Amino acid sequence: MRLYLGAERPAHLINRLDRETSGVVFAAKNPLAAGQLGKLWESRAVEKEYMAIVHGSVARDEGWIDLPLGRDEASQVAVKHCVRRDGACALTEFRVERRFRRVDGEFTLLRVRPKTGRQHQIRIHLAAAGHPVVGDKLYGGDEDMYLALVQNRLTEAQRRKLILTNHALHAHSLRLQWRGAEKVFQAPPDDAFTRFASAPSPAGGRGPG
């Protein structure tokens, strides 16, 4: 953005993604647009769709995860959150794109739409449903993976267990009404995500239905 606008006109970042999450990031070129877009985000008027590759074969073709989230006080990781009864309301919609099998296990490609914007919401909800995101170092079941990453001591055995270098969560699209017209912004996932999600499946392993 700096190359496009010039150093004297800083861009205004509207949304952020979790560390290692790829996809669409929105930036405004001026303060007026930034303020207007910020209000859209705050009012939840922006429809967000993610793609995720998760461990296991998700049984339901589509559904909702409705679990409150809050800080994980038992964790060594300060940024980690969890499902807790006294947490903030969090709602996530999902739909199966395809189920597939590789030599390293069974997996499901999902389209996911968060209806609230809690920290790490999608990753926590999917893990709580028994299907953590592939490569998730924080919510994949062993938070030492995350500590090993930030402390630069991730072993080759841990890397093999993670399967992918970055977790397989991609912010695929943003849809919003902007100055009287519907706007959709999309970004394809990277090659590693696409190759993994395109793995051959046994007969009957494709998609819902």
Side-chain angles (χ1 to χ4, degrees), residues 1-2 13-27 48-58 65 67-84 87-88 90 92 94 97 100-114 116-174 187-199:
M1 286 295 292
R2 287 182 179 178
L13 194 62
I14 307 301
N15 70 314
R16 290 176 171 80
L17 299 176
D18 293 347
R19 178 175 182 163
E20 294 190 2
T21 300
S22 58
V24 181
V25 175
F26 222 87
K48 308 166 189 175
E49 184 176 83
Y50 289 72
M51 299 176 71
I53 306 171
V54 300
H55 287 278
S57 180
V58 176
I65 303 172
L67 295 170
L69 304 179
R71 187 172 298 280
D72 188 345
E73 296 174 352
S75 174
Q76 299 181 63
V77 181
V79 299
K80 189 176 182 182
H81 284 55
C82 66
V83 174
R84 48 186 297 170
T92 303
F94 69 87
E97 282 293 297
F100 59 98
R101 182 176 297 157
R102 293 163 37 104
V103 294
D104 38 10
E106 291 187 326
F107 304 91
T108 305
L109 174 65
L110 298 173
R111 287 191 182 270
V112 185
R113 293 180 177 177
T116 51
R118 310 304 176 197
Q119 182 170 321
H120 303 164
Q121 175 177 319
I122 293 173
R123 295 159 61 197
I124 300 171
H125 271 178
L126 293 176
H131 299 284
V133 173
V134 174
D136 195 331
K137 302 167 185 68
L138 189 54
Y139 298 105
D142 180 5
E143 71 176 34
D144 187 61
M145 293 278 198
Y146 178 84
L147 294 170
L149 173 71
V150 298
Q151 295 166 4
N152 198 30
R153 57 174 177 82
L154 201 62
T155 67
E156 285 304 313
Q158 288 175 314
R159 294 180 193 277
R160 287 194 296 271
K161 187 175 181 180
L162 290 166
I163 306 177
L164 292 174
T165 302
N166 297 325
H167 61 233
L169 182 62
H170 176 74
H172 176 251
S173 70
L174 292 172
D190 63 25
D191 290 344
F193 186 110
T194 302
R195 285 196 302 270
F196 195 100
S198 301

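All of these numbers come straight from a predicted model, not from anything done at the bench.
Side-chain contact between Met51 and Leu110: absent, with no pair of heavy atoms (C-beta onward) separated by less than 4.5 Å. Considering only heavy atoms from C-beta on, Gln119 comes within 4.5 Å of Val79 through its side chain. Proximity of Ile65 to Leu126: side-chain heavy atoms (C-beta onward) are separated by under 4.5 Å at one or more points. Between Lys161 and Thr155 there is no side-chain heavy-atom pair separated by less than 4.5 Å. Looking only at side-chain heavy atoms (C-beta outward), Met145 and Leu162 come within less than 4.5 Å of each other. Taking the side chain as every heavy atom from C-beta outward, Val83 and Leu69 approach each other to under 4.5 Å.
Aromatic ring centres of Phe196 and Phe107: separated by under 6.0 Å.
Smallest separation of non-hydrogen atoms from Leu17 and Tyr50: CD2-OH, 3.9 Å. Between Thr116 and Gln121, the shortest heavy-atom contact is OG1-OE1, 2.7 Å. Heavy-atom minimum distance, Pro189 versus His170: N-NE2, 3.3 Å. Taking each heavy atom of Val112 and Ala52 in turn, the nearest pair found is CG2-CB, 4.3 Å. Summarising the geometry of Leu164 relative to Ala192, their closest heavy-atom pair is CD2-O, 4.5 Å, with the distance given to 0.1 Å. When every heavy atom of Ala199 is checked against every heavy atom of Arg102, the shortest pair comes out as CB-CG, 3.6 Å.
For the atom pair CG (Asp136) and CG (Asn166), the distance works out to 11.0 Å, reported to the nearest 0.5 Å. Summarising the geometry, atom CD belonging to Glu106 is positioned 5.5 Å from atom OG belonging to Ser57; distances are rounded to the nearest 0.5 Å. Note that NE2 of His120 is 6.5 Å distant from CG of Leu138, once rounded to the nearest 0.5 Å. The CG atom of Leu147 sits 9.0 Å away from atom NZ of Lys80, with the distance rounded to the nearest 0.5 Å. Atom CZ of Arg113 is separated from atom CZ of Phe94 by 13.5 Å, given to the nearest 0.5 angstrom.
Of the possible polar contacts, none joining the Arg111 side chain to the Glu97 backbone as a donor-acceptor pair under 3.5 Å is found. Panel note: side chain Asp190, backbone Phe193; a donor-acceptor pair is recorded below 3.5 Å. Side chain of Gln151 to backbone of Ala148: no donor-acceptor contact under 3.5 angstrom is found. Looking only at distances, a side-chain donor or acceptor of Asn15 sits under 3.5 Å from a matching main-chain atom of Phe26. No donor-acceptor pair under 3.5 Å is formed between the side chain of Thr92 and the backbone N or O of Ile122. Proximity of a side-chain donor or acceptor of His55 to a complementary backbone N or O of Pro132 within less than 3.5 Å is not detected. Judged by distance alone, with hydrogens and angles left aside, the side-chain atoms of Ser75 form a donor-acceptor pair with the main-chain N or O of Val77 at under 3.5 Å. Judged purely by atom type and a 3.5 angstrom limit, Thr108 uses its side chain to pair as donor or acceptor with the backbone of Val58. No donor-acceptor pair under 3.5 Å is formed between the side chain of Glu49 and the backbone N or O of Ser173. A side-chain donor-acceptor contact under 3.5 Å links Tyr139 to the backbone of His81.
Arg153 meets the salt bridge (charged side-chain N to carboxylate O under 4.0 Å, His left out) test with Asp144; sequence neighbours excluded.
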CA sep, side-chain torsions, deciding dist, call: Val25, Arg16, side chain to side chain contact (heavy atoms under 4.5 Å, CB included): CA-CA 6 Å; Val25 175; Arg16 290 176 171 80; over 6 Å; no
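Annotation for Gln76: atom CD does not count as buried by contact number, only 12 or fewer foreign heavy atoms lying within 6.0 Å.
Between Glu143 and Lys137 there is no salt bridge, since no side-chain N of the basic residue sits under 4.0 Å from a carboxylate O of the acidic one.
For the 3.5 Å distance criterion, the side chains of Thr21 and His167 qualify, holding a donor opposite an acceptor.
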